[in-house]
Structure formats: C-alpha cells, structure tokens
Amino acid sequence: MARILITSALPYINGVKHLGNLAGSMLPADVYARFNRAAGHEVLFICATDEHGTPAELAAIEAGQTVAEYCAEQHDIQKRVGQGFSLSFDWFGRSSNRPNRDLTQHFADVLEDKGLIDERTSKQVYSVDDKRFLPDRYVEGTCPNCGYEKARGDQCDNCGTLLDPIDLKNPYSSVSGSRNVEIRDTRHLYLLQSKMQDKVRAFVDARAKDWPNLTTSIAYKWLDEGLIDRSITRDLSWGVPVTRNGSPRPGFENKVFYVWFDAPIEYIGSTVEWAEATGANWERWWRTDKGADDVTYVEFMGKDNVAFHTVSFPVTILGSEESWKLVDKLKAFNWLNWYGGKFSTSQKRGVFMDQALELLPGDYWRWYLIANSPESSDTAFTWEGFKAGINSDLNDVLGNFVNRITKYAAAKFDGKVPGGGEPGEHEAWMADELAARLPQLIAHYEAMEFRKAAAETRAIWAAGNEYITKSAPWTAYKSSVDQAAVGIRTGLNLVSLFGIIAQPIIPETAKKILDALNIPEANRSFPLEKPDKSGYPALLNALPAGMPIQVPPQLFTKIEDAQVAEWTTRFGGG
RNA sequence: GGUGGGAUAGCUCAGCCGGUUAGAGCGCAGGACUCAUAAUCCUGAGGUCCCCGGUUCGAUUCCGGGUCCCACUACCA
C-alpha cells in the first residue's frame with residue numbers, strides 16, 4: 001500500500017471559482033484521490049483558500065467588510081460549493097490561519113539564517129488618496145508607446161508593450177481613479193533565488209522524467225533565463241506579519257509577506273490544521289526525517305502556476321536545508337475556455353461553480369469536465385457538447401444499462417441475483433473485454449491521463465450494452481430460464497463493476513448504484529489485482545446467487561434543447 | 001518583443017520518436033432489436049492532418065520559414 005499526498009492549487013479567496021478553475025486543479029486532484037483510495041492506498045488530500053494579497057483587500061472594501069470578515073465568509077462559501085461537487089478534501093484550510101503564519105515566519109527565519117534573504121530598497125507607486133502602495137497592474141495611465149489611455153502599469157493591453165508604471169503618462173490609481181499618485185521608496189525583503197539556481201536545477205533534473213512536457217518546459221525556461229532575486233514582502237496590512245525570530249521586524253511593522261511566498265507553504269499549513277483538528281500526525285506526510293520518506297507527493301495545478309511550484313516553492317524548501325517533502329509528480333492543465341474565449345468574471349462569461357450546482361448535480365459537471373479535461377491543449381466548453389456528453393454517456397450508456405438490468409431482474413427473478421445456467425461464449429467475450437480494458441483504465445489513472453480514463457470507463461460501460469444485446473436474456477427466457485439467468489446474473493455483476501469504476505469521477509451516482517445492489521463497502525475497491533485472462537470471468541460471477549437487489553432511482557435526467565437555449569441566454573454562451 | 005505550448009472529420013479531441021485503407025466520442029444517414037430512461041446493437045458517409053519550402057525511396061509525423069490561437073515574461077494571484 002502506497003502513501004500518496006495530493007494537493008490542489010489553492011483557489012484564491014476572491015469570489016466563487018468558475019468551471020475552468022474546477023477543471024484545472026481541484027476536480028482532477030479529487031478524481032486522482034478517489035481512484036487511489038479505491039485502489040487501497042493511503043491518501044491525504046489537502047486544499048485551502050489562498051486569502052492574502054491586494055485583490056482580497058480591495059474586494060473586502062467593495063463589500064463593505066473587514067478583510068477578515070470577507071475572507072471568512074468567502075471561505076465558507078467556497079468550502080460549501082466544493083462539497084456540492086463532492087470534492088473529498090481531507091482538509092480545506094485557510095492560508096490566513098495560524099499554522100501557515102507560523103510556518104511562513106519559520107521559513108523566512110531559516111532562509112535568512114542561511115544567507116538567502118536581504119533587505120533592499122525599491123521604488124513603487126503610492127496612491128495618497130487610497131493610502132496604499134499600488135501593485136503595477138493597479139496603476140493605469142497613457143501608454144508611452146501607443147498613446148492608449150487605459151494602459152496598465154505592467155503591460156499595455158492595446159499594443160502589448162511591457163511597461164514600468166514609472167513610464168506611464170498621466171498615471172492614476174485604478175482603485176479610486178485618483179491622480180494623486182507618487183513614487184516612493186519602500187524597503188522589502190528579497191529572497192536570493194539566484195544563489196539557489198544550481199540546487200533547483202539539480203532538483204528539476206532529478207524529477208523531469210516523471211513530469212509531463214508542459215511542466216518541464218516551463219521549469220527549464222525559468223532556469224535557463226536565470227533565477228532572479230525577488231521581493232517577498234509587501235506594504236499591506238492583511239497577510240503574514242514580517243517577524244524575525246518571533247518579534248516584529250524593525251521597519252517592517254506595517255508590512256506582510258507576499259502572498260506568493262506564503263501560499264504554497266499553506267499546503268503544509270493546511271495539513272497542520274488537519275492534524276490539529278483530527279489528532280493525526282502531519283509530520284509523517286511532510287518531514288522526510290519523520291516518516292514521510294515513503295510518501296509520493298503529487299501536485300495539481302493550471303499551467304500558469306507551474307513556475308511557482310517547480311522553481312519558487314522549491315527555492316523555499318531547498319533553501320531551508322530542512323527535511324521537507326518536495327513534489328514528486330506534478331500534473332499541469334491547460335485552460336478550459338468558454339466557447340473558444342476565456343471565462344471572465346468581470347464580463348460574466350461562463351458558469352461559476354455555485355451557478356452550475358443550481359442547474360444540475362455535481363456528478364454531471366464532474367463527468368463532462370473530466371471527459372473533456374484540458375490536458376494537452378486548451379479545451380472549449382460548449383452547452384451543445386455538454387448536453388451530448390451527459391445524455392449519451394451518462395443517461396443512455398450507463399443509466400439505461402443499470403435500469404434495464406435491474407428492472408428485468410426485479411420483474412423476472414424476484415429482485416434477486418439468479419442462480420442456474422452456465423456461462424457461454426458471450427460471457428467469455430465480455431471477460432475478454434474486461435481483460436483488455438480494465439488494465440488500460442488503471443494505467444490511465446496511474447498516468448493521470450484523466451480524459452483517457454473517462455473514455456475507457458465509457459467504453460467498458462458500452463461493452464456491457466453490447467454484451468447484453470448478444471446474450472439477449474429476454475429472448476432466452478422464452479425457451480430457457482436458466483440461460484436468461486446467466487445473462488441477468490452477468491448483467492448484475494456488470495452493474496456492480498460499472499459502479500465501482502465510476503467512483504472516482506461520479507461518486508454520488510456510483511454510491512446509488514452500489515447501494516442498490518447492496519454491495520458492502522469492503523467490496524467496492526478497484527479490481528487492481530490484474531488477474532490473467534482466466535481470472536476475469538470471476539468478475540462476472542462475484543455476486544452470490546439469491547442475493548436481493550433493488551432497482552436504483554433514475555440516475556440521470558436528460559438535458560433538453562429548451563434548457564440549452566435558456567442557459568445559453570442566461571450565461572452568454574455561443 | 002522573448003520563451004514555451006497548440007493548429008488533425010460538422011463539433012470536442014486522440015494519434016503519428018517517417019512506412020499499407022489517419023482514429024474515438026458526439027452529430028448525421030440506413031438497418032436490427034424490443035428487457036430498458038424513444039434507450040441499445042450493427043453498418044455507413046464525412047478529412048489538402050493550417051500554409052510554403054527542405055531532408056528522404058517515402059512527410060500529417062523530422063527540419064526551416066510563415067499565419068492564427070494560448071500561456072508565461074518574476075509587483076494580479
């Protein structure tokens with residue numbers, strides 16, 4: 001039994017996430033966690049809200065709340081929405097909680113002890129009326145290159161030129177619109193990443209063979225350009241206070257650590273929260289000197305996050321020279337687009353997680369988003385594709401199969417697994433299908449190829465329909481009840497198996513199926529033992545004869561054209 | 001601008017470390033069946049593999065150039 005630590009990229013606190021965020025980290029991480037649990041491994045699945053930074057402060061102001069109130073409320077909302085999608089986090093923490101604060105301050109202390117932190121002075125735009133320093137992108141003005149009047153301080157959206165906010169003509173604060181802005185000196189801590197270049201490269205070299213192309217190419221790009229010392233503090237009030245050996249750091253009383261420094265540390269912090277709440281031991285997951293040396297650590301994230309996880313966070317971990325667990329496998333995703341364009345909060349383009357749950361149960365979305373996972377390139381969400389996938393895969397192939405078999409068993413065999421008869425050529429064909437397909441399904445999950453895992457799952461369900469067409473127990477029943485019994489017995493075993501392999505992707509539906517067949521919890525694990533060909537027929541004859549079964553409630557409802565039309569109007573698709 | 005990723009059937013995507021007829025699902029057309037949620041099963045039609053060159057006996061695949069889309073570019077997270 002392996003021990004697997006799984007983290008999903010932390011959703012930012014600033015509002016409910018859209019389907020793209022779900023599809024690009026939290027959902028595939030959950031599917032992987034569920035697969036590994038069903039495979040009998042010891043899994044710890046950790047996530048949290050990432051709560052610090054300027055956007056959280058501004059959103060709180062807009063909402064008329066303190067930042068603490070705002071974050072607490074948003075955290076609860078995101079947690080509840082996550083539960084609606086059956087995200088099976090062992091803990092869903094908060095980066096603003098004490099464990100992350102303590103760990104972040106600890107890492108800063110250790111890194112400074114190792115000579116990896118300096119104080120430096122830099123210049124930054126200060127908005128007098130907003131009473132705050134402004135990140136580059138919150139300063140707007142006229143582009144010196146093209147004259148566009150709403151260029152951001154980091155980049156002009158009109159001509160694409162990279163800018164420094166100091167270069168903008170007629171600069172103003174995008175927070176308030178005030179033109180009362182000035183350049184001020186400010187003092188910050190810098191993490192000397194340049195000194196860690198060789199160690200990080202050695203780390204990436206050692207892991208590269210286990211990482212997909214998307215991951216390694218991004219990591220090497222940063223390394224080849226050379227790591228740059230970066231500031232890890234900010235002039236904000238909401239965040240982890242800057243301390244030195246437990247006391248406020250002189251000159252930094254009104255500063256906090258930069259959100260990107262503390263956010264990945266929250267993977268550990270959230271685990272500490274979990275341990276404190278449950279009495280578990282967190283160090284055996286994170287400290288290689290305290291039992292974590294046999295842990296495989298797997299991270300899930302969108303492609304925009306890869307550099308921070310392959311380079312920046314390893315700088316923190318490696319620089320500490322302490323025995324922390326480093327990432328082993330890193331699964332990165334491209335974007336889920338909305339009809340070929342981007343999901344957009346400001347333009348209200350696309351569906352957000354809470355809205356999705358108002359329309360349909362979580363399993364519907366889980367299936368579509370995994371079957372269309374943006375693994376190798378950006379992928380477009382369309383209502384038409386969503387409707388087709390749900391109606392065909394879930395309703396027709398799986399739902400109808402479960403229904404036709406269980407109803408027939410209820411009607412003709414008294415709601416029991418029928419005994420009698422002997423398996424023949426059709427059952428042998430089905431066993432061969434399983435012998436070919438189940439190992440592939442498992443291989444896809446182990447390789448974290450989720451789109452292929454969904455396709456293989458569907459193919460196995462479809463093979464069940466093909467089998468029952470070949471064996472045609474309703475025809476056999478007229479001449480031989482025993483022969484019909486073989487078909488329905490095999491069919492019921494397939495229903496059970498289909499429920500088991502459905503667990504990672506559509507867990508709520510899988511539970512309905514397995515509960516209806518009275519399958520004990522202990523018998524719901526993935527068929528991992530990879531028997532030789534002669535072993536697969538046993539999978540088709542596992543349920544004891546005479547065992548009572550129920551017809552489950554209708555598992556899915558079809559999506560109608562009228563609904564697609566309504567949703568397209570409401571959410572701006574097309 | 002730089003770096004990286006992508007472009008394959010009407011749609012969403014596999015695949016090709018060079019090699020007979022380029023695949024899947026959906027959609028579409030025809031047929032079969034009737035246990036089942038008008039579901040299922042079988043068959044079929046549909047492609048200048050973005051463009052231009054090069055290497056090669058042979059290129060969708062490798063190389064160069066171009067076009068378009070996307071990400072990152074270190075102070076959004």
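In what follows, chains are A, B, ... by sequence order, proteins preceding strands, each numbered from 1.
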Rounded to whole Å, CZ of A/F308 lies from P of B/U73 at a distance of 6 Å
Check: Does A/W474 lie flat on the base of B/C35, that is, centres under 5.5 Å apart and planes under 30° off?
Finding: yes
Practice item. Using the P atoms only, state how far B/C51 lies from B/U60, rounded to an integer number of Å. Key: 10 Å
- prompt: Cation-pi between A/K331 and A/F333: NZ/CZ under 6.0 Å from ring centre and within 45° of the ring axis?
  reply: yes
C1'-based separation of B/C70 from B/U34 [nearest Å] | 49 Å
Closest of B/A36, B/C75, B/A77 to the A/R404 side chain is B/A36
Mate of B/C68 across any strand shown (Watson-Crick or G-U wobble, both atom pairs under 3.5 Å) is B/G6
Quiz item: Under 4.0 angstrom, heavy atoms only, what part of the nucleic acid is A/F556 near: base, sugar-phosphate, or nothing?
Solution: base
- [ ] Tell me what A/A263 touches on the nucleic acid: a base, only sugar-phosphate, or nothing, going by heavy atoms under 4.0 Å.
- [x] nothing
| request: Check every strand shown and say whether A/D154 touches a base, only sugar-phosphate, or nothing at a heavy-atom separation below 4.0 Å. | output: sugar-phosphate
* Asked: When the C1' atoms of B/A59 and B/C49 are considered, how many whole Å apart are they?
  -> 11 Å
Against the side chain of A/S231, the closest entry in B/A77, B/C75, B/U40 is B/C75
Classify the nucleic acid contact of A/G399 as base, sugar-phosphate or nothing, counting any heavy atom under 4.0 Å across all strands shown. base
Tell me whether the OP1 or OP2 atom of B/C13 has a side-chain N or O from A/T379 closer than 4.0 Å.
yes
Between A/S373 and A/P55, the residue closer to the 5' end of RNA chain B by nearest nucleotide is A/S373
Taking a pair to mean Watson-Crick or G-U wobble geometry with both distances below 3.5 Å, B/U55 pairs with none
So CZ of A/F556 and OG1 of A/T509: to nearest 0.5 Å the spacing works out to 3.5 Å
Taking the same atom, P, in B/C17 and in B/U43, what whole-Å distance lies between them?
-> 28 Å
Query raised in the report: Does a nitrogen or oxygen in the side chain of A/K558 sit under 4.0 Å from OP1 or OP2 of B/A39?
Result: yes
What is the nucleic acid contact for A/T54, judged by heavy atoms within less than 4.0 Å: base, sugar-phosphate only, or nothing? sugar-phosphate
Suppose we call two aromatic rings close when their centres sit under 6.0 Å apart. Are A/H309 and A/Y267 close by that rule? yes
Polar pair under 3.5 Å, donor/acceptor by atom type, side chain A/K470, base B/C41
no
Report task. Pick base, sugar-phosphate or nothing for A/N403, based on heavy-atom distances below 4.0 Å to the nucleic acid. Result -> base
Is the distance from the ring center of A/F381 to that of A/W383 below 6.0 Å? yes
From NE2 of A/H444 across to C1' of B/A24 the rounded distance in Å is 12 Å
task = Tell me whether the centres of the aromatic rings in A/F313 and A/F308 are closer together than 6.0 Å.
result = no
Relative to its sugar, using the 90° cut-off around 0, the base of B/G31 is anti
Of the listed B/A39, B/A77, B/C41, the closest approach to the A/V259 side chain comes from B/A77
Regarding the side chain of A/N400, the nearest nucleotide among B/U40, B/U12, B/C75 is B/U40
Partner of B/G23 under the Watson-Crick or G-U wobble criteria, both distances under 3.5 Å, comes out as B/C13
Subject >> Pair A/R132 + A/D130, salt bridge at N-O below 4.0 Å >> reply: no
Donor-acceptor pair present, A/E466 side chain and B/C41 base, under 3.5 Å: no
So do A/V351 and A/H18 actually touch side chain to side chain, heavy atoms under 4.5 Å? no
note: A/R137, atom CZ; B/C76, atom C1'; distance rounded to Å ~ 4 Å
request  = Would you mind classifying the nucleic acid contact of A/E384 as base, sugar-phosphate or nothing, using non-hydrogen atoms under 4.0 angstrom?
outcome  = nothing
So, is A/R458 close to the B/C26 phosphate, meaning a side-chain N or O under 4.0 Å from OP1 or OP2? yes
Item to complete: Please examine the side chains of A/I559 and A/W567, heavy atoms only from C-beta on, and report whether any two atoms are closer than 4.5 Å.
Response: yes
Applying the 3.5 Å cut-off to both distances, the Watson-Crick or G-U partner of B/U43 turns out to be B/A29
### Message
Please report the distance separating the C1' of B/C13 from the corresponding atom of B/A22, rounded so that it comes out in whole Å.
### Response
14 Å
C1'-based separation of B/G18 from B/G31 [nearest Å]: 41 Å
**Message:** Counting the atoms with a prime plus P, OP1 and OP2 as sugar-phosphate, which does A/K407 contact under 4.0 Å by heavy atoms, base, sugar-phosphate, or nothing?
**Reply:** sugar-phosphate
Would you say that A/F92 contacts A/T49 through its side chain, given a criterion of any heavy-atom pair below 4.5 Å between the two side chains? yes
With C1' as the reference atom in both, quote the distance from B/A9 to B/G15 in angstrom, rounded to an integer. 14 Å
According to a strict under-4.0 Å criterion, is A/R234 in side-chain N/O contact with OP1 or OP2 of B/C75? yes
Note to self: For a quick check of understanding: with a heavy-atom distance under 4.0 Å over all strands, which category does A/N395 fall into, base, sugar-phosphate or nothing?
What the structure shows: base
Pairing partner of B/U73, by Watson-Crick or G-U wobble and under 3.5 Å for both distances, is B/G1
(request) Mind checking A/W335 for me? I need base, sugar-phosphate or nothing, with any heavy atom below 4.0 Å counting as a touch. (result) sugar-phosphate
Closest to the side chain of A/D393, out of B/G25, B/A74, B/U40, is B/G25
Regarding the side chain of A/K221, the nearest nucleotide among B/U12, B/C41, B/G2 is B/G2
Rounded to whole Å, CD1 of A/I468 lies from P of B/U40 at a distance of 15 Å
Exercise for review: Give a yes-or-no answer on whether the side chains of A/K303 and A/N334 include a donor-acceptor pair shorter than 3.5 Å.
Suggested key: yes
- Is the base of B/A71 touched by the side chain of A/D304 through a donor-acceptor pair closer than 3.5 angstrom? no
Inter-nucleotide P distance (B/A7, B/C62), Å rounded: 11 Å
What contact category does A/G491 fall into here, base, sugar-phosphate, or nothing, at under 4.0 angstrom with non-hydrogen atoms? nothing
Here the distance between atom C1' of B/C41 and atom CE of A/M430, to the nearest Å, is 14 Å
Taken to the nearest whole Å, CG/A/D136 to P/B/C75 is 8 Å
At under 4.0 Å between heavy atoms, what does A/D50 touch on the DNA or RNA strands: base, sugar-phosphate, or nothing? sugar-phosphate
- Can you find a side chain N or O atom of A/S392 that sits less than 4.0 Å from OP1 or OP2 on B/C26? yes
note: A/F313, atom CZ; B/A77, atom C1'; distance rounded to Å ~ 16 Å
Separation of B/U40 atom P from A/Y467 atom OH, nearest Å, is 19 Å
